[in-house]
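A quick write-up on the structure given underneath.
What you see below is based on every heavy atom in this structure, not just the backbone, and it leaves out hydrogens, waters and symmetry mates.
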Amino acid sequence: MSWQIRIEHSTGYRYASPVVSSYNEARIIPQTGESQLTLEATVRTEPAASTYRYWDYWGTQVTAFDLHTPHTELIVTGRSVVQTAAAPPRPTDVPSWDQLTDDSLADRFVEFVRPTVSTPEHPELRAAALELAAANSPADFLPAVGDWVREKLSYRPGTTEVRTSAVEAWEQGVGVCQDFAHLALVLMRAAGMPARYVSGYLHPSADAEVGETVSGQSHAWVEGWLGTWLGFDPTNGIPTGEPHVVVARGRDYGDVPPMLGVYSGGTSTSLGVTVAVTRLG
C-alpha cells in the first residue's frame, strides 16, 4: 500500500532593520529512495531569488540562494508531492549483537556509532542501553528504546531548542520530537547499533481522508541498522510508514536543519513555520 501526499512548508523571518545581504540553505525537499518517490518539488522565496541545488555529504538535497536587495522579511516556501510506502517488513536475517558490535561494522558506520554534541555519552544512559540490549534481541531493541524514551520524556513544545542535547532533555524530562530522536540515538549507539537521525514530515492521521488538507508537522525520528536501515518513530512509538516523509538524514539535528543562513542587518524575529499536508491518494 502507498500514499500520495502533497506538502506545503513555509518558514518566515522579519528583521528589525533592512537586511542588505543574506546567504541561505533550505533542506525541505523530500528524498527519493527505496520506499519514497518525490514526484514534484519547488522552493520559492519572497523576495524572489535565484536558487541552485546540490546534494550534501549526507545525501540531502539542498536549495541554496542569496539576496542582495534590502528586505525586512524573508519567506521560504517548499511545495512537494511525494509517494510513500508502507513500512518494510522486518528482515528475517537480523544481525546478532556480536555482529553489530564487530569492529568491521563499527568502521563501516563510524559516523553513526560515535557520540555527537547533541547525542553525547552519559554513564547512566549507557547503563540503560546495555540493560535494554541484554533484555532484547536487536530486532526488538528499537521498540524497547522507544518505550524507554517515552517513559522518560513528556512531549511539551517550547521547552527545548535546537541546541538542547539529549542529556539535557533527559535531565529536564520534557522535549519535542527532536529530543525524543536524540535520546533514542544515544541509547542505540551506546548499545553498539549504528543509528541515524531522520528529519521530515508527518501526516497526523493514519486514516487520513483523501483530499482533506490538515495541519502537518515537521518531524524527526531514527533509523537503526539491522542488516538494512529500519525506521522507528520514538515520539509516537511506531515504525515509520506511509504518513512519514523523509527529507534528510544525518548524525543529529545539526546535519539536517531545514533553514540555515547568515545575513547582514538587524535582529531577526521568526514569523513561524507552517506545514500543510494533503493526502491525494
Side-chain angles (χ1 to χ4, degrees), residues 4-32 36 38-56 58 60-82 84 157-164 176-178 197-204 208 211-220 243-250 253-280:
Q4 196 172 107
I5 305 173
R6 182 174 64 231
I7 303 153
E8 182 168 319
H9 176 167
S10 183
T11 302
Y13 303 91
R14 177 175 291 129
Y15 305 100
S17 60
V19 169
V20 294
S21 294
S22 69
Y23 302 84
N24 309 274
E25 293 182 345
R27 289 170 172 81
I28 55 178
I29 293 179
Q31 294 189 7
T32 287
Q36 180 176 295
T38 299
L39 304 173
E40 302 174 21
T42 62
V43 176
R44 300 166 69 176
T45 69
E46 300 175 42
S50 296
T51 63
Y52 64 94
R53 295 180 181 177
Y54 70 92
W55 278 264
D56 69 13
W58 307 105
T60 302
Q61 190 170 152
V62 182
T63 302
F65 62 95
D66 55 274
L67 289 163
H68 301 286
T69 55
H71 55 282
T72 56
E73 284 189 1
L74 172 63
I75 298 174
V76 181
T77 302
R79 296 183 178 90
S80 56
V81 176
V82 183
T84 61
T159 53
T160 58
E161 58 178 7
V162 295
R163 289 180 292 274
T164 301
V176 294
C177 58
Q178 168 189 302
Y197 183 100
V198 188
S199 71
Y201 304 109
L202 175 67
H203 195 299
E212 180 185 5
T213 299
V214 299
S215 177
Q217 304 171 21
S218 292
H219 198 50
H244 293 81
V245 176
V246 176
V247 171
R249 295 181 173 95
Y253 175 87
D255 290 333
V256 301
M259 285 295 302
L260 186 66
V262 295
Y263 68 92
S264 174
T267 57
S268 67
T269 302
S270 173
L271 296 177
V273 177
T274 61
V275 177
V277 294
T278 308
R279 182 179 177 189
L280 301 179

- Under a 4.5 Å cut-off applied to non-hydrogen side-chain atoms, are Leu67 and Pro47 in contact? yes
- Item | Contact check, side chains of Ile29 and Arg53, non-hydrogen atoms, under 4.5 Å | yes
- Query: Within a strict 4.5 Å, meaning less than it, do heavy atoms of the Ser264 and Tyr23 side chains meet?
  - Reply: no
- Query: Closest approach of Pro30 and Val245, non-hydrogen atoms and distance?
  - Reply: CB-CG1, 3.7 Å
- Closest non-hydrogen contact found for Ala220 with Tyr197 is CB-OH, 3.3 Å
- What pair of heavy atoms forms the shortest contact from Val256 to Gly250, and how long is it? CG1-N, 4.0 Å
- Note on the structure: So salt bridge (charged side-chain N to carboxylate O under 4.0 Å, His left out) across residues 62-73, not counting sequence neighbours, yields Arg14-Glu73
- Query: Could you give the distance from OG1 (Thr84) to CD1 (Ile5), rounded to the nearest 0.5 Å?
  - Reply: 4.0 Å
- Task: Any pair with a residue in residues 40-49 that passes side chain to side chain donor-acceptor pair (under 3.5 Å), sequence neighbours left out, goes on the list, sorted by first then second residue, please.
- Result: none
- What's the spacing between Arg249 CZ and Ser199 OG if we round to 0.5 Å? 9.5 Å
- Note on the structure: Residues Ser218 and Val273: closest non-hydrogen pair is OG-CG1, 4.5 Å
- Measure the shortest side-chain to side-chain distance between Pro204 and Val214 over non-hydrogen atoms and say whether it is less than 4.5 angstrom. yes
- Message: Run the ring pair (Phe, Tyr, Trp, His ring centres under 6.0 Å) test against Tyr201 and tell me which residues pass, sequence neighbours left out.
- Response: His9
Show which side-chain atoms of residues 74-81 pair as donor or acceptor with protein atoms under 3.5 Å away, not counting sequence neighbours.
| residue | atom | partner | partner atom | Å |
| --- | --- | --- | --- | --- |
| Thr77 | OG1 | Ser10 | OG | 3.4 |
| Arg79 | NE | Glu8 | OE1 | 3.1 |

- For the residue pair Gly158 and Val176, what are the closest heavy atoms and their distance? N-CG1, 4.4 Å
- Message: I need the His203 NE2 to Ile7 CD1 distance, nearest 0.5 Å.
- Response: 9.5 Å
- Rounded to the nearest 0.5 Å, what separation is found between the CD atom of Gln61 and the CD atom of Gln31? 9.0 Å
- Note on the structure: Shortest non-hydrogen pair, Gly254 vs Pro257, comes out as O-CD, 3.5 Å
- Task: Taking side-chain hydrogen bond (donor to acceptor under 3.5 Å, both in side chains) as the test, write out the residues that go with Glu25, two or more places apart.
- Result: Arg27, Tyr54
- Query: In Å and rounded to the nearest 0.5 Å, what is the CG to OG1 distance from Asp255 to Thr60?
  - Reply: 8.5 Å
- With sequence neighbours left out, the residues meeting ring pair (Phe, Tyr, Trp, His ring centres under 6.0 Å) with Tyr15 are His71, Tyr263
- Member of Val277, Leu39, Leu280 meeting the side chain to side chain contact (heavy atoms under 4.5 Å, CB included) criterion with Arg6: Leu280
